[in-house]
Amino acid sequence: MGVKISTLIKPALTEITLPNLLGKKIAIDAFNSIYQFLATIRQPDGTPLRDHQGNVTSHLSGLLFRTLRLIENDIKPLYVFDGPPHELKSQIVQERREKREEEKHKMLQAQDEGDFEEAMKHAQASSKLTSEMIEESKQMLNYMGVPYIEAPHDGEAEAARLTNEGLVWACSSQDYDSLLFGSSRLVRNLTMSRTRRVKGTTIEVQIEYYFLEKVLNELKITREQLIDIGILVGVDFFPGFKGLGEKTAYKLIKENGSIETIINKGIEVRNTPIEIDLELLNTLRKIFLNVKKPDKIPNFVWKKPDEEKLRELLIEQKNFSEERVSSAIKRLVQKKSQKSQVNLDRFF
DNA sequence: GGGCAGTT
DNA sequence: AACTGCCCC
């Protein structure tokens, strides 16, 4: 659950395709990506893919084939995992845990009643990434020869830092938080652009590219003000204010400049004055503005896959079909076809 | 989400 | 070649 500013920053959106990212290193928010696979790769009644022992394997299937797709398009993925969370995040995490429990009940109920569509909805909302899933994802990436790092704290913060240090070209996540962390470039929907079926209707899914400078120029605000907007609507470290969405938050910041002014003027939203402890406000801003550097500079390389280990993990342990794994490995090892460079100078 | 085969 | 539907584990 990232910061809800999608409508606000839409005017700064640039649509791109995979060939536009040819040769680029991309820091992928691992947690966000793996969670997405776990939530979406399911049978029509909401049941995820499982191995013979009943362990969920949806995340591995998604991660394997997505990563493969990127490599085939000459994109260099680097997965960034979350490190220990900030103490302010724990509270929000607890709330999400409770919400998941509720959703699980609703899913089981819907399955009993035979309402598969309803079951699917709640199955997705009750998805939980376990530490085992994280560990085996790392292991598989290792065998694939794809690098990953663990962030000092927030994965998106580290991905933003890597982008701004020039160690990768952009970061990729479905959430917009990396922009608050100052990332100059954010890529969303990092997948083959194609039509997808959502609730009976087909929609075109395009890769989205956001350039922070363009976002700030369009909105005519500073990054500090973008962070204030985030705090008002809610971020991973603070729930925001009830009834205060992105439109109102933008209007308030545009008119008043900062949260302090809003507080001082005693501005009310839905008959409730906006109040936040100034020390907390300062702490929240610092989380986004002073991203901690890791103790040692991350060193990442893309290697040849370990075919034997990959086969052992996926075929023997996770019961993937031999044919699928063999073809995946073949694609992984094969010298990538030379793709024509698509000039994007006018955007970048 | 992505592979793949069957269809137009 | 584009599109649809089913399956993957």
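This structure is a prediction, so every number in the text was calculated from the model and none was measured. Every chain is numbered from 1, with letters handed out A, B, ... down the list of sequences.
At the phosphate of B/dG3, OP1 or OP2 sits under 4.0 Å from a side-chain N or O atom of A/R69. The phosphate of C/dC8 (OP1 or OP2) has no side-chain N or O of A/R50 nearer than 4.0 angstrom. Taking side-chain N and O atoms only, A/R66 has a distance below 4.0 Å to OP1 or OP2 of B/dG2. The shortest distance between the side-chain N/O atoms of A/T191 and the OP1/OP2 oxygens of B/dG2 is below 4.0 Å.
When distances are taken from the side chain of A/F37 to each of B/dG2, C/dC9, B/dG1, the shortest belongs to B/dG1. Nearest nucleotide to the side chain of A/T57, out of B/dG2, C/dC8, C/dC9: C/dC9. Ranking C/dC9, B/dG1, B/dG3 by closeness to the A/Q43 side chain, first place goes to C/dC9.
Between A/L64 atom CG and C/dC7 atom P there is a gap of 21 Å when expressed in whole angstrom units. Distance, A/L49 CG to C/dC9 P: 7 Å, rounded to whole Å. Nucleotide B/dG1 holds its C1' atom 13 Å from the CZ atom of A/R42, rounded to whole Å. When rounded to the nearest whole Å, the span between CG of A/L313 and P of C/dC9 equals 13 Å. Atom CZ of A/R324 and atom C1' of B/dG1 are 11 Å apart (whole Å). Rounded to whole Å, atom C1' of B/dG1 lies 11 Å from atom CD of A/Q174. Between the CG atom of A/D45 and the C1' atom of C/dC8 there is a distance of 14 Å, rounded to whole Å. The separation between A/E322 atom CD and C/dC9 atom C1' is 15 Å, rounded to whole Å.
Each of A/F81, A/Y143, A/F31 was compared with A/Y148 under the ring-ring contact (aromatic ring centres under 6.0 Å, His included) criterion, and only A/F81 meets it.
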Derivation of the side-chain hydrogen bond (donor to acceptor under 3.5 Å, both in side chains) call for A/Q334 and A/R331: CA-CA 5 Å; A/Q334 241 167 29; A/R331 286 166 57 192; over 6 Å; no
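By the 30° and 60° cut-offs, the orientation of the rings of A/F211 relative to A/Y209 is parallel.
Counting only N and O atoms by type, the side chains of A/E136 and A/H59 include a donor and acceptor under 3.5 Å apart.
Heavy atoms of A/S321 sit under 4.0 angstrom from primed sugar atoms or phosphate atoms, though from no base atom.
For residues 277-317 of chain A, the set of pairs meeting the ring-ring contact (aromatic ring centres under 6.0 Å, His included) definition, not counting sequence neighbours, comprises A/F181-A/F288, A/F237-A/F288, A/F300-A/W302.
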